[in-house]
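As structure tokens, the structure follows; a few thoughts come after it.
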Amino acid sequence: MHLTSLALPQEPADGIAGWAADLVETMGGPGAGLAIALENLFPPLPSEVILPLTGFAAGQGVLTLASALFWTTLGSVVGAVVLYGIGMLFGRERIHAIWAKLPLVKASDLERTEDWFAKHGTKAVFLGRMVPIFRSLISVPAGVERMPLPVFVMLTTLGSLIWNAVLVMAGYWLGDQWEVVETYVGIVSKVVLVLVVVALAVYVAVRLRGRNQARHRRAS
């Protein structure tokens, strides 16, 4: 039973959905896990396509639902641990050195961020796994701040299991209408991205205004 012919009559076979369908059809659960591990490392690969498609595959008997949930969650954790390792190897000192060279930022900003992560890092990692875009990125500061690896893995596993279960089950229940999931999650992703861009724009505007005021005070 070929998933792309059933679920994606309008998609090219070499698209992301076709690639994920081939992985799942060829390798079963491990293929779904590999796709999600790569999605964590390369966020442009959308989980809102891969996970519902995996749920649809489970509904078609290509793999069991338990296998779909197990392997996709394992893939999420593996990808997150790789990013955690990158953050840990990059290190706090290197982050501070790069930060000091960036315009419009202060060392105190980074220090406040570190303090915030020290207080709320567990919630950030757990909840971040269920937020589009941030679900991958949150692993890097966890590594930089040396969050204990067992705690990181536990929180990542729980958060990923919830996110994966929702999207896999949606694909399982929706059947060949699984693409509806991509539409709605895609809207959420765009909203999150817009909010981030707006927040960055406000931050830059406030910084520039503060610098201009400081220059005027020195000139007077």
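Note that the structure is predicted; figures quoted are calculated from it, not measured.
Each of Leu83, Val78, Ile86 was compared with Leu41 under the side chain to side chain contact (heavy atoms under 4.5 Å, CB included) criterion, and only Leu83 meets it. Partner of Val24 under the side chain to side chain contact (heavy atoms under 4.5 Å, CB included) criterion, out of Leu34, Leu53, Thr54: Thr54 alone. Partner of Phe126 under the side chain to side chain contact (heavy atoms under 4.5 Å, CB included) criterion, out of Ile138, Thr157, Leu155, Thr156: Leu155 alone.
Cluster membership check: Met154 does not share its hydrophobic cluster with Leu74, using side-chain heavy-atom separations under 4.5 Å among Ile, Leu, Val, Met, Phe, Trp and Tyr. Clustering ILVMFWY residues whenever any of their side-chain heavy atoms sit less than 4.5 angstrom apart, transitively, puts Trp163 in the very cluster that holds Val153. Follow the hydrophobic side-chain contacts under 4.5 Å out from Leu51 and you reach Ile162 in the same cluster. Follow the hydrophobic side-chain contacts under 4.5 Å out from Leu38 and you never reach Phe70; the two are in separate clusters. By the rule that hydrophobic residues join a cluster once side-chain heavy atoms approach within less than 4.5 Å of another member, Leu127 and Leu161 end up as members of separate clusters.
Residues Pro52 and Tyr172 fail the side-chain proximity criterion, which asks for heavy atoms closer than 4.5 Å. In this structure the side chain of Val166 never reaches within 4.5 angstrom of the side chain of Met130, judged on heavy atoms.
Counting all heavy atoms, side chain and backbone alike, Arg146 lies closest to Met88 at NH1-O, 3.1 Å. Here the shortest heavy-atom pairing between Leu23 and Ala35 reads CD1-CB, 4.0 Å. Closest of all the heavy-atom pairs between Arg129 and Gly159 is CB-C, 3.7 Å. Summarising the geometry of Gly29 relative to Ser67, their closest heavy-atom pair is CA-OG, 3.7 Å, with the distance given to 0.1 Å.
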Check the pair Trp71, Ile36 against side chain to side chain contact (heavy atoms under 4.5 Å, CB included), reporting the backbone distance first and the verdict last.
-> CA-CA 9 Å; Trp71 285 105; Ile36 288 298; over 6 Å; no
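Under the 3.5 Å distance criterion, the side-chain polar atoms of Asn164 are left unmatched by any main-chain donor or acceptor of Leu69. Side-chain atoms of Tyr84 come within 3.5 Å of backbone atoms of Met147 as a donor-acceptor pair (strictly under, hydrogens ignored).
Here the CG atom belonging to Leu63 is positioned 11.5 Å from the CD atom belonging to Glu25, to the nearest 0.5 angstrom.
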